[in-house]
Amino acid sequence: MQNREIAAIFNELADLLEIKGENPFKVRAYRNAARTLESIGKPVEEMVAEGKDLSILPGIGKDLAEKIKEILRTGKLQKLDNLKKEIPEALRALLSIEGLGPKRVKVLYETLHISDPDALKEAALHHEISKLPGFGPKTEEKILKGIRLLKQEGVRFLFAEAEPIVEELIAYLQKAPGILTIEAAGSFRRKKETVGDVDMLCTAKEPPKVIDYFTKFSQVLEVISAGTTRSTVVLKNSLQIDLRVVEKESYGAALHYFTGSKTHVIAIRQIAIDLGLKINEYGVYQKEQKVAGLTEKDVYESVHLPVIPPELRENRGEIEAAAKNRLPNLITLEDIRGDLHMHTTYSDGMDTLETMVKTAIAKNYTYIAVTDHSATLAVVKGLDAQKALKQFEEIEKLRERYAPFHIFKGMEVDILEDGSPGMEDDILKQLDIALGAIHSKFKLTRKAQTKRLIKAIQNPYIKGIAHPTGRLIGKRAPLELDFKEICKAIKEEGKFLEINAQPERLDLNDVLIKEAREKGVKFSIATDAHASGQLSYMRYGINQARRGWLEKEDVVNTKSLETLVKFLK
DNA sequence: GCCGTTTTCGGCCCGACTGTTTTCAGTCG
C-alpha cells in the first residue's frame, strides 16, 4: 500500500465529512494528514514495519496513526465505509464543479436528491436550482458552465506544457496599461514537474485596467472571476490562470505566499509566530507595525533565514538546512559540460550524428555521448554489432573533424528480464558509456525487478542507468523497486543514476533524487534527445535536479572531459 | 483531529470575489 493510496482514502473521507457538515477543522486535519503522506518520501508501510511511531509525522496524531495502521492491515477504513452508507460517494464528483462546495452540495442532495453531475444538469436546465433559497439564476448558470468545464480529477499539466503558455502570457501582460512587474509564482515558479494551475503576480499603477486586459488574452475560454485586484480565467486548453495585482510594498510577502508550497509557507509563518511576528500575504507585522514585505529576502530575514530557492520550498528539510546555513549550492544549467544520452538516425533519432554534434557544440558543450538503442528493443530499429561498428567509425571521423570537442561512444543497452545486457560483450567493451535501461517487463515483482536492475548495475561495462524507474508522468507508473538497494549498488560499483530530462519522464523524481544524494549516489542529467532540438530539454533536467537538492559536484556531466574520462574508468 | 516556550483546552489563515440580499454566506486559493 502506497502513501498516496492512503492519502486518497483520507481525502475521500474529508470530502464526505465536509458534505455531512462535520467540524471543518477535523476535515482539515484529514486533508493535512493526506498532504503529509503525499510529501514524505518514505512509505509509511516501511515505517510501521520498522516499528516507528507514525505520530511523529506532522499532522498525524494518535488517532490518524491508528487509522493508517487499520488501512495497512485491512486495505480499507471502517469509518469511511460507514460514512458511504450515509452519504452517496458520487456526491464527491459535484465538489469538483467550480462554484459548488460542501454546503451547496448538501442542500442540493437534501432538497432535490441530486447526487451526480447528470442529475444536476437536468435540474439546472429545468430551473429548479434557482428556486432554492440561497441559489439564484446566476448560480444556476454558473453550475451549468461548471459542468461543461468539469475537469477529470487531478488533471495536471506537464511543466513543459505550461511553460510556453506562461511565457506567452507574460509577454502579453507586459504590454498591459500601467503594468510595472509581472511574474509567475506557485508550483510553476517552484519548477514542479507538473502544475495544476498557474499563479501570476504583478504590480501595476491601475490594477483594474490590468485585470481587464488579462481577461482579454486571446487564449481565454472562460472568465471565472474578475475583481479589482484578482482574477481567474480558464484557457482554451483548460489550464487555469490566477492573476493577482498587489501593492509594491507587499510584493515580497505576496510572492512568498503565492509561491508556496503551502506547507513551506505555514512552517515559515510558524517560525514568525514563535518570534512574536505575524506573516501574511501583505507583509511581516510586529503587533500592528509592518516590518517587512518589499522583497522575499526581507521576509526570510525577518525569521532569521537566508532566501530559500523556490525549488526547495516543500517543507522537506529546507527550513532546517537554511537555519543551519547548510542550504545546497544548487546546480545550474551553466554547470553542464555535455549531454550523455541521445539518439541519432542510427536508431530512432530524427537527426544525424553530425547534426547532434553541431548542435551540442553550439551549446558550448565540451562533450556528448551518442547512445543509440541496442537492437533487442523490438519497438525501434536499434544497433546490432555491425551497425555499432559503423557508428564507431563515424564517431572517430567526427572526433577529428570537431576536436577538441569530444564524442563518447555510447549505447542505451536494453536490460533483459534476467538483468543481462542485450548486447554482446565484444561491442560493450569498446563503449565509453553504456547506459543500462529497462524497456520491457515493467510488471515484475519488486524483488525480481530490484534483482534485475542490480545485476545490470554490477555489469562491468554498464556505467549508468537511464530513466531508472521507467515512469511516464500520468501514463505509466514507476517500476516496483527497492530504491535503497539500488542506491547502495550504484554507490558500491561507482556508477551513476540518470536524471532523464524528457518532460514526461523526469525520471528520477525530486524525492528519489534527494534520497539518492543523501546516500552518496552520483548522477548524470541527460536529455535522451531524439532530435537535435530536444538537447535543450536539459533545463527540465536541471529543474528536477535542483528540486532534488543537487549541487554541481553530484553530477558527472559537470566535470571536465579529463575528470569524466577518469570517472568512467 | 492535531497541537503545545501563553500546553491538555481551545485554538486551528484569512481576505477576495460573487451572488443573493440589504448585511452576509459560500467558495476559493
Side-chain angles (χ1 to χ4, degrees), chain A residues 10-11 13-15 17-19 21-36 54-68 77 79 94-108 129-143 145-146 185-187 195-201 207-208 211 215 223-234 240-247 250 253-254 256-285:
Chain A
F10 283 167
N11 276 325
L13 185 59
D15 281 352
L17 286 174
E18 204 172 24
I19 294 169
E22 253 300 353
N23 175 359
F25 298 109
K26 186 190 277 193
V27 173
R28 190 183 301 168
Y30 280 104
R31 296 232 163 90
N32 287 342
R35 197 178 312 115
T36 294
L54 295 179
S55 64
I56 56 166
L57 296 170
I60 292 174
K62 217 176 140 196
D63 183 273
L64 288 183
E66 201 43 57
K67 287 197 167 72
I68 291 172
L77 187 60
K79 188 180 166 83
L94 299 180
L95 288 177
S96 50
I97 293 168
E98 179 79 37
L100 278 193
K103 299 275 171 62
R104 285 178 177 155
V105 167
K106 188 173 188 227
V107 171
L108 289 168
I129 309 277
S130 54
K131 291 181 205 140
L132 295 173
F135 290 73
K138 291 254 179 123
T139 305
E140 195 169 69
E141 188 88 351
K142 200 174 171 186
I143 285 172
K145 246 182 215 172
S187 53
V195 298
D197 58 11
V198 177
D199 295 295
M200 312 274 291
L201 206 59
I211 297 285
T215 60
V223 178
I224 304 287
S225 72
T228 53
T229 64
R230 188 172 147 176
S231 172
T232 299
V233 301
V234 175
Q240 181 172 312
I241 316 271
D242 295 324
L243 176 72
R244 288 178 176 82
V245 192
V246 301
E247 296 290 337
S250 299
H256 182 254
Y257 177 70
F258 291 116
T259 296
S261 66
K262 193 167 175 168
T263 55
H264 174 89
V265 170
I266 290 171
I268 294 290
R269 284 183 176 190
Q270 188 57 51
I271 297 174
I273 291 169
D274 295 345
L275 292 168
L277 300 168
K278 185 186 150 193
I279 301 181
N280 60 27
E281 62 199 271
Y282 298 101
V284 183
Y285 296 84

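All values derive from a computational prediction rather than experimental measurement. Hydrogens, waters and symmetry mates play no part in the numbers below; they use all other heavy atoms, side chains included.
One interatomic measurement links the two molecules: CD1 of A:Ile266 to C1' of B:dC14, which rounds to 12 Å at whole-angstrom precision. Residue A:Asn23 contributes atom CG, which lies 17 Å from atom P of B:dC9 at whole-angstrom precision. Atom-to-atom, CG of A:Asn280 to P of B:dA16 comes out at 10 Å; the value is rounded to the nearest Å. In this structure, A:Leu277 atom CG and B:dT5 atom P are separated by 17 Å, rounded to whole Å. The NZ atom of A:Lys262 sits 13 Å away from the P atom of B:dC28 (whole-angstrom rounding). In this structure, A:Asp199 places its CG atom 16 Å from P of B:dA16, rounding to the nearest Å. In this structure, A:Asp15 atom CG and B:dT27 atom C1' are separated by 14 Å, rounded to whole Å.
Comparing the C1' positions of B:dT23 and B:dG29 gives an interatomic distance of 24 Å, to the nearest angstrom. B:dT6 and B:dG11 have their C1' atoms separated by 12 Å, given to the nearest Å. B:dT21 and B:dT27 have their P atoms separated by 15 Å, given to the nearest Å. With both ends at atom C1', the span from B:dC2 to B:dT7 equals 13 Å, rounded to whole Å. A distance of about 16 Å separates the C1' atoms of B:dC12 and B:dT8, rounded to the whole Å.
Distances shorter than 4.0 Å separate none of the side-chain N or O atoms of A:Tyr30 from OP1 or OP2 on B:dC12. An OP1 or OP2 oxygen of B:dC3 is reached within less than 4.0 angstrom by no side-chain nitrogen or oxygen of A:Lys62. Put simply, A:Thr139 has a side-chain N or O that comes within less than 4.0 Å of OP1 or OP2 on B:dT20. The side chain of A:Gln240 contributes no N or O atom lying less than 4.0 Å from OP1 or OP2 of B:dC28. Contact between the side-chain N/O atoms of A:Ser55 and the OP1/OP2 oxygens of B:dC2 is not found at any separation under 4.0 Å.
At the heavy-atom level, A:Phe258 lies nowhere under 4.0 Å from the strands shown. Among the heavy atoms of the strands lying under 4.0 Å from A:Ile60 are primed sugar atoms or P, OP1, OP2 only; no base atom is included. In this structure, A:Arg244 reaches the sugar-phosphate backbone alone: every heavy-atom distance under 4.0 Å involves primed, P, OP1 or OP2 atoms, never a base. Here A:Pro137 lies in heavy-atom contact (under 4.0 Å) with sugar-phosphate atoms only. A:Lys106 comes within 4.0 angstrom of no nucleic acid atom, judged by non-hydrogen atoms across all strands. Backbone-only contact: A:Thr228 has heavy atoms under 4.0 Å from sugar-phosphate atoms and none from a base. Nucleic acid contact for A:Ile97: sugar-phosphate only, since backbone atoms but no base atoms lie under 4.0 Å from a heavy atom of the residue. If you check every strand for non-hydrogen atoms under 4.0 Å, A:Lys142 touches nothing. A:Ile224 comes within 4.0 angstrom of nothing in the nucleic acid, heavy atoms only. Within the nucleic acid shown, A:Pro58 comes within 4.0 Å of sugar-phosphate atoms alone, with no base atom in reach, counting heavy atoms only.
Of the candidates B:dG29, B:dT20, B:dG1, the closest approach to any side-chain atom of A:Lys138 belongs to B:dT20. For A:Ala226, the listed nucleotide lying nearest its side chain is B:dT18; candidates were B:dC14, B:dT18, B:dG1. The A:Ser225 side chain lies nearest to B:dT18 when the options are B:dG1, B:dC14, B:dT18. When distances are taken from the side chain of A:Glu98 to each of B:dC17, B:dC2, B:dC28, the shortest belongs to B:dC28. Counting only heavy atoms from C-beta on, A:Pro102 has its side chain closest to B:dT27 among B:dC2, B:dT27, B:dC17. Here the side chain of A:Arg104 is nearest to one of B:dC28, B:dC2, B:dT27, namely B:dT27. Here B:dG29 is the nucleotide among B:dG29, B:dT20, B:dG26 with the atom lying nearest to any side-chain atom of A:Asp242.
Proximity of a side-chain donor or acceptor of A:Ser250 to a complementary backbone N or O of A:Tyr282 within less than 3.5 Å is detected. Of the possible polar contacts, one joining the A:Thr36 side chain to the A:Pro58 backbone as a donor-acceptor pair under 3.5 Å is found.
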